[in-house]
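One structure is given below, encoded as structure tokens.
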Number of protein chains: 4
Amino acid sequence: MNPVKVGIVGASGYSGEELVRLLLRHPGAELAAVTSRQYAGQTVAQVFPKFAHYPRARELHFSEPKSGLLAQAAQIIFLALPHGVAAEFAAPLLDLGCQVIDLSADFRLKNPATYQEFYGHAHPAPELLAKSVYGLPEIHRARIKSASLIASPGCYPTGILLPLIPLLQARLIKHNNIIAGSLSGVSGAGRKPEVDYLFVECNESARAYGVLRHRHLAEIEEQLSAAAGAGVVLQFTPHLIPVNRGILTTLYLTPEKPFAGESEMESLGRQIAGCYQAAYANEPFVRLLDARSLPDTKNVAGSNVIEIAWRLDPRTGRLLVLSALDNLTKGASGQAVQSMNILCGFPETAGLI
Amino acid sequence: MNPVKVGIVGASGYSGEELVRLLLRHPGAELAAVTSRQYAGQTVAQVFPKFAHYPRARELHFSEPKSGLLAQAAQIIFLALPHGVAAEFAAPLLDLGCQVIDLSADFRLKNPATYQEFYGHAHPAPELLAKSVYGLPEIHRARIKSASLIASPGCYPTGILLPLIPLLQARLIKHNNIIAGSLSGVSGAGRKPEVDYLFVECNESARAYGVLRHRHLAEIEEQLSAAAGAGVVLQFTPHLIPVNRGILTTLYLTPEKPFAGESEMESLGRQIAGCYQAAYANEPFVRLLDARSLPDTKNVAGSNVIEIAWRLDPRTGRLLVLSALDNLTKGASGQAVQSMNILCGFPETAGLI
Amino acid sequence: MNPVKVGIVGASGYSGEELVRLLLRHPGAELAAVTSRQYAGQTVAQVFPKFAHYPRARELHFSEPKSGLLAQAAQIIFLALPHGVAAEFAAPLLDLGCQVIDLSADFRLKNPATYQEFYGHAHPAPELLAKSVYGLPEIHRARIKSASLIASPGCYPTGILLPLIPLLQARLIKHNNIIAGSLSGVSGAGRKPEVDYLFVECNESARAYGVLRHRHLAEIEEQLSAAAGAGVVLQFTPHLIPVNRGILTTLYLTPEKPFAGESEMESLGRQIAGCYQAAYANEPFVRLLDARSLPDTKNVAGSNVIEIAWRLDPRTGRLLVLSALDNLTKGASGQAVQSMNILCGFPETAGLI
Amino acid sequence: MNPVKVGIVGASGYSGEELVRLLLRHPGAELAAVTSRQYAGQTVAQVFPKFAHYPRARELHFSEPKSGLLAQAAQIIFLALPHGVAAEFAAPLLDLGCQVIDLSADFRLKNPATYQEFYGHAHPAPELLAKSVYGLPEIHRARIKSASLIASPGCYPTGILLPLIPLLQARLIKHNNIIAGSLSGVSGAGRKPEVDYLFVECNESARAYGVLRHRHLAEIEEQLSAAAGAGVVLQFTPHLIPVNRGILTTLYLTPEKPFAGESEMESLGRQIAGCYQAAYANEPFVRLLDARSLPDTKNVAGSNVIEIAWRLDPRTGRLLVLSALDNLTKGASGQAVQSMNILCGFPETAGLI
């Protein structure tokens with residue numbers, strides 16, 4: 001079978017580079033085009049010497065991002081661009097018959113008004129919002145299969161949605177009292193030359209940011225509300241910690257039905273365990289941890305796996321759920337390749353294990 | 001004025017070493033005795049070359065920990081020992097007329113039953129619990145002044161209690177719905193040769209631990225309950241992150257009176273600001289941040305300052321409070337020296353600025 | 001073709017874990033036995049949750065290290081044990097017909113007297129020293145193909161030998177004036193609970209150690225001397241820096257023939273470039289960098305590649321050569337798997353790209 | 001006694017911030033002016049909340065850098081500016097009667113031709129080169145006392161010069177065969193928003209840079225040549241490692257007189273020890289380590305101390321000398337304050353211990 005030809009627009013940032021890594025070794029895909037204004041004319045191997053052992057990396061040159069050329073070169077195009085910019089590329093590429101997997105936030109919201117509220121300007125291609133599929137394979141696999149435009153979720157959303165959606169769908173937790181505290185590695189900020197992300201500013205530092213209104217809140221709430229069948233308002237606090245890759249999320253939840261005493265706790269515990277088993281036991285990229293283990297970012301670094309663990313607290317009556325993932329893999333590029341695998345009929349783990 | 005002679009039992013761990021650092025440069029104290037089974041016979045300068053520029057560090061030898069000799073050498077004794085061990089030293093030292101500042105958890109609880117519940121064995125000197133003063137200067141300054149046994153609080157308690165106590169005393173928040181997520185640097189685990197705290201296991205790692213029942217929960221709840229005049233049950237989740245020093249705490253709180261709309265939010269905001277101003281405006285070691293800044297562990301590293309910031313969230317109706325401190329300074333040894341300054345009638349900032 | 005059955009003795013240390021990682025995904029090998037005294041009875045997935053997505057990791061249990069059972073289960077046995085211990089396992093396994101790839105230093109020296117001098121005790125199985133092949137594939141490929149006992153080189157030796165051997169063989173540098181300064185990540189110290197390797201002791205620290213007489217000096221000098229046809233005495237200074245993985249080596253060399261002026265420098269440069277091209281242009285795991293790039297440990301992390309760059313210094317007349325590799329992959333387990341590939345007739349890159 | 005009024009031009013970079021830290025707590029100096037184009041109008045406490053507990057930090061505002069105002073406000077001016085820019089400020093400030101302590105490289109060379117060769121443009125104020133004193137107090141104390149323009153040495157020079165100058169002056173080592181390998185923390189690159197110094201680019205990375213011709217080579221060679229009484233050509237290789245602060249330098253030296261056998265080695269060892277004792281035994285900021293210890297950047301972080309250790313290698317006949325210092329303190333701002341103390345007749349350790 002001929003490999004599927006794929007292209008990456010914006011391949012010089014961290015998620016772009018991670019896409020390059022995953023696609024160079026993918027058994028069913030051929031990296032046919034990579035764009036970068038900064039590096040146009042250089043080979044992938046010159047820009048990223050670490051990929052130089054792939055023959056393809058020594059042949060393939062970065063080019064200027066031009067839709068026509070991209071559509072000639074590749075069938076599937078990944079957009080690894082800042083939000084706002086991605087939307088400009090999606091429409092012409094779709095018109096030219098490409099399938100587009102967008103890693104930005106541009107097509108993740110269904111409601112253009114929410115986009116305007118959170119991003120401060122009107123959506124540049126509102127007609128495409130209806131068309132796009134939210135690319136969380138464990139939740140929307142069926143729709144991804146036939147999508148032409150996939151809005152691949154980012155790192156915070158993935159770490160919050162996968163642990164919460166089954167619980168909300170099963171009505172095991174209250175939808176109106178959800179708190180998420182997340183710790184993110186610095187690659188989440190992108191390869192941007194800003195003082196805040198210098199080594200000396202991040203090393204030996206732990207700090208919260210975007211405390212009340214992080215941009216990705218909107219898409220998280222939209223997805224949670226759909227799962228809950230009711231409007232979810234999330235308390236979400238991201239923190240920056242000195243690791244390269246990884247997001248750890250601690251969720252503070254209230255069981256729908258209060259529990260008291262050991263037997264009620266055990267019974268609720270069985271329901272929660274059953275809920276997660278039903279949702280994820282056969283998912284290749286969800287690792288449900290047992291009572292002895294807790295998620296750790298170092299155990300998912302470089303992998304497309306999300307770790308999930310939970311605990312019932314008999315003292316407070318709350319349910320704690322914790323998750324860990326690599327923000328560049330399951331939280332960005334790995335997840336996008338997982339969607340590509342579904343789209344192309346490849347085994348879902350192709351190139352990801 | 002003659003300097004006060006001070007001794008440190010257990011001076012080779014991280015908080016012991018931090019006491020050595022602070023006391024060597026203290027204008028009113030003379031380091032008269034340091035003990036360590038492992039290093040007995042060596043000078044402070046040999047064990048810690050970094051202090052070798054202090055003449056005192058080149059003269060003073062580590063000795064075996066013996067109460068009689070300690071009481072001869074020093075008036076004030078700091079105990080930097082594991083819990084359980086500290087209690088054994090306190091009684092004889094007090095009998096010999098010393099004032100004791102204990103950095104362990106041994107005398108922080110008033111209720112021996114709670115001690116047994118959390119530490120798994122009966123308290124070794126329950127009669128001293130009544131006598132001890134909880135050494136949080138900003139809260140218990142008056143009682144510290146005349147104490148003979150000070151139970152100096154640890155890092156997590158300090159980072160949670162200082163932001164919460166004024167709010168609870170002013171009845172501005174509900175006492176029965178408090179959630180604390182804390183991130184701790186690795187020195188909090190002590191200088192123990194355990195695989196979990198090896199560089200390779202901590203670097204590039206973020207993980208929760210002690211999720212439901214961390215040992216310091218008991219003393220935090222006892223102090224919060226006293227401030228609230230009601231039993232507080234705290235949800236507390238500590239996380240380990242790859243920094244040497246520092247604890248960042250994010251508190252999720254519910255205002256006693258719900259607020260809606262901008263004017264109610266502003267009015268509540270003024271009350272909170274006023275409450276913190278009244279409590280801490282004149283405290284030399286509490287830094288109340290304004291609306292533009294958030295706490296960052298790197299801004300308190302090596303200092304005895306705790307940073308506090310707060311935000312009202314109009315979307316969720318919650319109050320978020322964040323704090324940062326250095327777990328070895330304000331969270332351990334700096335705070336203990338602050339108590340010593342009060343005890344001795346020194347300026348409270350002596351040796352700490 | 002049936003997969004080759006392989007076993008790992010001592011699979012719970014860092015290089016053992018790296019072997020597990022590489023062999024679980026190897027297309028031609030089946031991980032048939034792993035031993036660990038500490039973890040006997042548990043599955044690989046329980047001990048290393050990060051491998052739990054491999055079905056094999058969920059089935060395979062750690063066992064006690066017993067030669068008889070190992071020989072029944074597997075054809076090729078990797079020894080990831082401390083030096084001295086490895087030698088005890090090699091002899092019985094060889095007698096039972098296994099092929100042994102030893103990652104310790106036990107069989108790397110040809111001369112038992114040198115072993116005694118550097119390790120402080122007589123070699124436990126001197127008769128095997130003659131039989132063993134030094135497992136540096138780029139240099140000893142032909143002999144590895146038919147070896148029954150492979151002494152796989154460690155991290156410092158690999159980072160020094162690969163850049164130097166071609167230059168010495170071509171008589172381009174003086175053999176008696178070689179200086180190597182190396183920087184090592186902390187995983188090189190193994191998963192040992194020692195205070196020196198705690199996070200807090202290594203983070204924000206850079207320090208030299210083993211300054212005059214590191215243990216691996218002996219094998220490096222033996223190999224260099226063989227290449228030079230003369231006794232090489234190496235100046236070698238290892239340093240510990242706060243990274244998990246990686247070794248960076250800077251070599252200070254004196255060209256055999258002094259050069260002066262641009263044309264002599266260019267001519268010598270062409271000879272050096274030609275020497276490296278001849279030696280490594282077709283090696284899949286040697287990346288010769290061009291004049292714009294220098295080795296960086298982050299570009300080889302998790303990969304079996306060694307990066308090499310060189311510069312002639314017209315001011316000092318010296319030749320500088322720099323190399324970077326991942327101490328756990330090319331510097332330990334990846335290199336061992338590379339030898340296994342040669343031994344089994346697999347493509348040399350199988351499971352390593 | 002009235003405090004000396006001091007000003008800092010360029011107080012928002014890392015060495016500027018370190019000057020602020022040291023001068024705010026200095027017993028004899030009053031911080032009277034700080035300039036920063038970016039922060040003009042804000043108080044020191046607003047820009048650096050971590051200094052907010054100093055009353056002076058809450059009063060003092062950053063201003064635009066104007067010589068006239070600076071000269072009115074302060075007697076001593078520190079220049080913490082990029083090279084080239086510093087020179088423009090020095091002349092008018094000197095004319096207005098200030099004493100200037102420059103932390104840039106602008107006045108460290110005596111020979112304007114060398115400046116042009118290394119910096120690529122003519123020196124902007126060559127007449128001041130003759131006037132300036134190289135501010136290495138341990139070497140040039142007498143001249144610093146009466147200087148009006150002090151060229152305070154940077155981090156690499158200090159870590160190389162202090163260990164080498166006594167040996168060269170005593171003719172104990174050959175001047176024409178010196179190799180220095182240095183490891184630097186990232187703050188040495190300054191607070192510049194460049195991709196190369198982002199957290200993700202530096203963390204888990206070790207790399208050499210400026211391999212053949214680092215800019216500070218010129219001043220190091222000029223000072224070494226003066227000490228040796230002969231032209232020194234230095235082999236110097238800087239490396240970047242993931243720590244905030246600290247420089248570790250390993251020097252490979254050849255004794256002037258070869259040694260063989262234990263008794264010659266001991267005799268030479270006594271000479272070296274005597275040489276260092278004579279030079280530094282009474283220096284408050286030089287810590288000569290004994291045979292059991294090696295320099296470690298973490299033992300000098302935040303301090304003005306340089307650690308020095310040495311070893312004779314009987315196998316190679318070389319002398320190894322190692323040093324560690326904090327690049328922002330002894331390697332920049334601490335050293336500048338030390339010079340100020342000399343200039344003002346303060347105890348040399350004032351504000352630095």
Side-chain angles (χ1 to χ4, degrees), chain C residues 176-185 200-213 217 221 233-252 254 293-299 301-302 307 309-318 320 322 324, chain D residues 176-185 200-213 217 221 233-252 254 293-299 301-302 307 309-318 320 322 324:
Chain C
N176 58 359
N177 194 18
I178 303 178
I179 293 176
S182 292
L183 320 183
S184 173
V200 177
E201 304 299 319
C202 296
N203 188 35
E204 292 297 290
S205 162
R207 56 192 199 254
Y209 70 99
V211 163
L212 301 187
R213 216 176 148 75
L217 199 45
E221 292 184 343
V233 178
L234 177 72
Q235 188 80 54
F236 169 52
T237 313
H239 303 74
L240 193 69
I241 58 168
V243 303
N244 278 5
R245 287 167 165 237
I247 286 200
L248 185 79
T249 296
T250 302
L251 294 156
Y252 302 91
T254 310
S293 303
L294 286 172
D296 187 332
T297 59
K298 74 168 177 280
N299 288 336
E307 288 191 338
W310 58 270
R311 299 286 186 274
L312 281 170
D313 190 339
R315 298 175 69 258
T316 66
R318 286 199 192 81
L320 263 68
L322 301 102
Chain D
N176 58 0
N177 195 16
I178 303 178
I179 294 176
S182 292
L183 320 183
S184 172
V200 177
E201 304 299 319
C202 295
N203 187 34
E204 292 298 288
S205 162
R207 56 190 199 255
Y209 69 100
V211 163
L212 301 186
R213 217 176 147 76
L217 200 44
E221 291 183 344
V233 178
L234 177 71
Q235 187 80 54
F236 169 52
T237 314
H239 303 75
L240 193 70
I241 59 167
V243 304
N244 278 6
R245 287 168 164 237
I247 286 200
L248 185 79
T249 295
T250 302
L251 295 156
Y252 302 92
T254 309
S293 304
L294 287 172
D296 187 333
T297 58
K298 73 168 177 278
N299 289 336
E307 290 191 337
W310 58 270
R311 299 287 186 275
L312 282 169
D313 190 338
R315 297 174 69 259
T316 65
R318 285 199 192 84
L320 262 70
L322 301 103

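Chain identifiers are assigned alphabetically (A, B, ...) following the order of the sequence lines, protein sequences preceding nucleic acid strands; residue numbering begins at 1 within each chain.
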**Request:** Select, from D:Cys202, D:Gly181, D:Ala208, the one with the greatest count of heavy-atom pairs under 4.5 Å involving chain C.
**Result:**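 The answer is D:Ala208.
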**Item:** Greatest number of heavy atom pairs closer than 4.5 Å to chain C - which of D:Ala301, D:Pro242, D:Gly246
**Value:**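 Heavy-atom pairs under 4.5 Å are most numerous for D:Pro242.
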**Message:** Taking the side chain as everything from C-beta on, heavy atoms only, tell me whether D:Thr237 gets closer than 4.5 Å to C:Tyr252.
**Reply:**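 Yes. Closest side-chain heavy atoms under 4.5 Å.
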**Asked** In terms of side-chain heavy atoms, does C:Thr250 have a donor or acceptor partner in D:His239 at a distance below 3.5 Å?
**Response**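 Yes, D:His239 and C:Thr250 have a side-chain donor paired with an acceptor closer than 3.5 Å.
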**Asked** Between the side chains of C:Arg318 and D:Asn177, does any donor sit under 3.5 Å from an acceptor?
**Response** yes
**Request:** Please assess C:Leu217 against D:Arg315 for the test side-chain contact (heavy atoms from CB on, under 4.5 Å), listing each intermediate value before the final yes or no.
**Result:** CA-CA 11 Å; C:Leu217 199 45; D:Arg315 297 174 69 259; 3.4 Å; yes
**Asked** Hey, which of C:Asn203, C:Leu294, C:Leu312 has the most heavy atom pairs under 4.5 Å with chain D?
**Response** C:Leu294
**Prompt:** Quick one: of C:Thr297, C:Leu234, C:Asn299, C:Leu240, who has the most non-hydrogen atom pairs under 4.5 Å with chain D?
**Reply:**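 It is C:Thr297.
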**Asked** Under a 4.5 Å heavy-atom cut-off, does chain D meet the side chain of C:Ile241, its backbone, both or neither?
**Response** side chain
Examine whether an atom of [X] lies under 4.5 Å from a heavy atom of chain C, and if so say whether it belongs to the side chain, the backbone or both; otherwise answer neither.
{"X": "D:Ala206", "answer": "both"}
{"X": "D:Glu307", "answer": "neither"}
{"X": "D:Pro295", "answer": "backbone"}

**Asked** Hey, mind stepping through C:Arg207 and C:Glu201 against salt bridge (Lys or Arg N to Asp or Glu O under 4.0 Å) and telling me if it holds?
**Response** CA-CA 11 Å; C:Arg207 56 192 199 254; C:Glu201 304 299 319; over 6 Å; no
**Item:** Value rounded to 0.5 Å, distance of CZ in D:Phe236 from CG in D:Leu251
**Value:** 10.0 Å
